[in-house]
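Here the structure comes first, spelled out in structure tokens, and everything after it is commentary.
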There are 2 protein chains.
Amino acid sequence: MHNNQKKIGSELNPNVSVDCVIFGFDLEKLTVLVIDRGEISAANGPRLALPGNLIYDDENLDQAANRVLEELTGLKNIYLEQVGAFGDPFRIHKESDREWLKSIRAQPDARVITVAYFSLVKIEDYLPHASSFAKNAGWAPVNELSELAFDHFDILQAAKDKLKQKIKIQPIGFNLLPEKFTLSQLHRLYESILDKPLDKRNFRRKIQKLNILSNLKEKQRGVPHKPSSLYEFNEEKYQELTQKGFDNFGF
Amino acid sequence: MHNNQKKIGSELNPNVSVDCVIFGFDLEKLTVLVIDRGEISAANGPRLALPGNLIYDDENLDQAANRVLEELTGLKNIYLEQVGAFGDPFRIHKESDREWLKSIRAQPDARVITVAYFSLVKIEDYLPHASSFAKNAGWAPVNELSELAFDHFDILQAAKDKLKQKIKIQPIGFNLLPEKFTLSQLHRLYESILDKPLDKRNFRRKIQKLNILSNLKEKQRGVPHKPSSLYEFNEEKYQELTQKGFDNFGF
DNA sequence: AGTCTTTGTGTCATTTTTACACTATCCAAA
DNA sequence: TTTGGATAGTGTAAAAATGACACAAAGACT
């Protein structure tokens with residue numbers, strides 16, 4: 001599953017990196033996968049950073065982002081979208097960053113442009129403590145982060161904005177939920193991403209009217225309250241909808 | 001006005017360029033500023049390309065985009081927004097591109113990442129034939145272009161999409177119009193960008209209800225039909241509106 | 001049996017959207 | 001000076017979407 005092969009014949013480009021904002025949803029709130037850089041630069045900068053790496057000269061940007069994502073999580077074929085390019089000259093020249101930079105094989109004096117991506121992961125598919133990858137990576141609630149290394153906090157903010165905007169237009173939220181989910185979970189997901197409360201009844205009405213969910217003949221089990229029915233996202237129905245020119249969820 | 005100084009002590013970064021999609025509006029349709037690369041690669045690739053250049057190591061991406069825009073048009077303080085980063089490995093390795101690449105000082109074998117921007121220019125502010133800059137640049141109707149050099153057609157498409165999306169959220173269209181404009185001109189502008197017809201009466205009602213236009217006590221002169229009244233965009237009123245949480249024009 | 005927790009549902013008032021056609025005003029040409 | 005051509009400017013009615021709001025039902029647990 002995890003590809004650790006060295007790339008024979010290809011070289012790292014010292015000037016271009018990709019950083020990934022990997023979102024998850026723990027059924028309560030939005031989370032993001034961050035890496036603990038350890039004590040190396042604890043004195044001068046935040047320990048937590050977004051996963052990222054330089055790109056190889058023989059891969060395109062999307063490939064590089066997928067590679068970074070796979071190297072960290074072992075996951076392939078994940079929803080991934082570009083946020084944009086970031087980079088001030090000399091932004092990484094601080095002495096305290098040198099060790100960290102070496103660890104990702106960057107040249108401390110090089111000027112680096114970062115292309116940021118965000119991706120949406122079913123949190124159940126990547127449980128860091130149960131994984132062999134990156135022992136120093138973990139899910140952090142998006143709203144509890146107040147700083148990140150380098151310009152990663154700006155990148156996180158941009159990724160949140162892009163996600164917020166995108167979910168008003170395309171039903172990408174399902175990538176954050178289990179295959180089978182309840183309307184309440186979907187409701188909480190939208191509230192988390194849009195960062196505002198949504199009326200329960202109005203939300204359910206709006207979603208159901210779109211007719212892009214399959215109501216499974218199946219209910220939650222073992223919950224200490226009335227069990228909810230489970231739904232699945234129906235790609236075919238959504239395709240029908242878009243072919244009618246639909247491009248706005250009205251949130 | 002035009003800054004032709006060489007940048008002393010700074011160097012071009014051979015791996016990162018910016019390309020600008022400079023939109024204009026001729027009161028009929030959306031246009032874009034393209035450069036004719038001449039006969040150099042006429043046999044193998046389209047002559048027309050977007051303006052762009054490599055970045056210097058001591059400027060950030062936004063600065064580079066502003067520089068490219070100013071070098072071409074002489075204009076400063078123009079609306080400018082990043083579209084995203086583009087770049088496949090070896091995308092520019094075709095033999096036929098070498099001369100052109102030399103002319104923008106790129107190394108033909110280098111792998112180049114391009115960061116694309118779009119900007120909105122009042123067409124009256126840049127009339128190529130009346131300008132001392134770039135004799136080989138000119139406005140082309142966006143919908144009449146069917147190909148561009150390199151991956152510039154993809155970039156143009158992405159820029160159009162971004163503009164379309166953005167104008168649904170922010171009143172940036174005014175950057176394409178003269179200070180004083182008519183509602184019909186604004187109407188045609190929105191139709192051009194959204195690429196669909198909008199009912200005249202409904203459009204006018206919607207715009208007027210927003211209350212972000214000042215109705216000047218002034219009318220068109222010399223037109224061979226009933227003269228229209230002129231309007232101005234009112235930044236203060238728009239600020240009030242946004243502070244009420246407004247973030248959607250409903251197109 | 002009773003308590004706790006979350007699910008699931010309907011209505012009404014208001015606002016927004018859509019579709020649609022005719023008169024007014026100016027210029028120019030006869 | 002009359003006429004024709006062109007665009008500006010305006011209202012209404014039906015349909016759809018939105019927003020606000022409260023209580024009974026189902027299961028787990030004690």
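To find a chain, count down the sequence lines: A is the first, B the second, and so on, and within it residues start at 1.
No donor-acceptor contact under 3.5 Å links the side chain of B/Lys226 to the base of D/dG9. No donor-acceptor contact under 3.5 Å links the side chain of A/Arg205 to the base of D/dA17. Side-chain atoms of B/Arg201 come within donor-acceptor range of the base of C/dA21, with a qualifying N/O pair under 3.5 Å.
Residue A/Ser228 places none of its side-chain N or O atoms closer than 4.0 Å to OP1 or OP2 of C/dT6.
Nucleotide D/dA8 holds its P atom 17 Å from the CZ atom of B/Arg221, rounded to whole Å. With rounding to whole Å, A/Arg204 atom CZ is found 14 Å from C/dT6 atom P. If you measure from atom NE2 of B/His225 to atom P of C/dT23, you get 21 Å, rounded to the nearest angstrom. Going from atom CG of A/Asn248 over to atom C1' of D/dT18 covers 14 Å, rounded to whole Å. When rounded to the nearest whole Å, the span between NZ of A/Lys209 and P of C/dT9 equals 15 Å. The NZ-P distance, from A/Lys244 to D/dA16, rounds to 14 Å in whole Å. The interatomic distance linking B/Leu186 (CG) with D/dG9 (C1') rounds to 15 Å, in whole Å. The CZ atom of B/Phe203 sits 13 Å away from the P atom of C/dT17 (whole-angstrom rounding).
Salt-bridge annotation for A/Lys168 and B/Asp247: present, with a side-chain N of the basic residue lying under 4.0 Å from a carboxylate O of the acidic one.
The side chain of B/Asp199 approaches C/dC20 more closely than any other nucleotide in the set C/dC20, D/dG19, C/dA28. For B/Ser184, taking side-chain heavy atoms from C-beta onward, the closest of the listed nucleotides D/dA8, D/dG9, C/dA28 is D/dA8. Nearest nucleotide to the B/Lys200 side chain, out of D/dA26, C/dG8, D/dT10: D/dT10.
In this structure, B/Arg188 reaches neither bases nor backbone, as no heavy-atom distance under 4.0 Å exists between it and the strands shown. Residue A/Lys219 is classed as having no contact, given no heavy-atom separation below 4.0 Å to the nucleic acid. Heavy atoms of A/Lys206 sit under 4.0 angstrom from primed sugar atoms or phosphate atoms, though from no base atom. As judged by a 4.0 angstrom heavy-atom cut-off over every strand, B/Ser229 is placed among residues touching the sugar-phosphate backbone only.
B/Lys29 places no side-chain N or O within donor-acceptor distance of the main-chain N or O of B/Asn143, the cut-off being under 3.5 Å. Not one N or O on the side chain of B/Lys160 forms a donor-acceptor pair closer than 3.5 Å with the backbone of B/Val142.
Donor-acceptor pairing under 3.5 Å is recorded for the side chains of A/Asn234 and A/Ser214. In this model, no donor atom of one side chain and acceptor atom of the other lie less than 3.5 Å apart for B/Asn66 and B/Tyr117.
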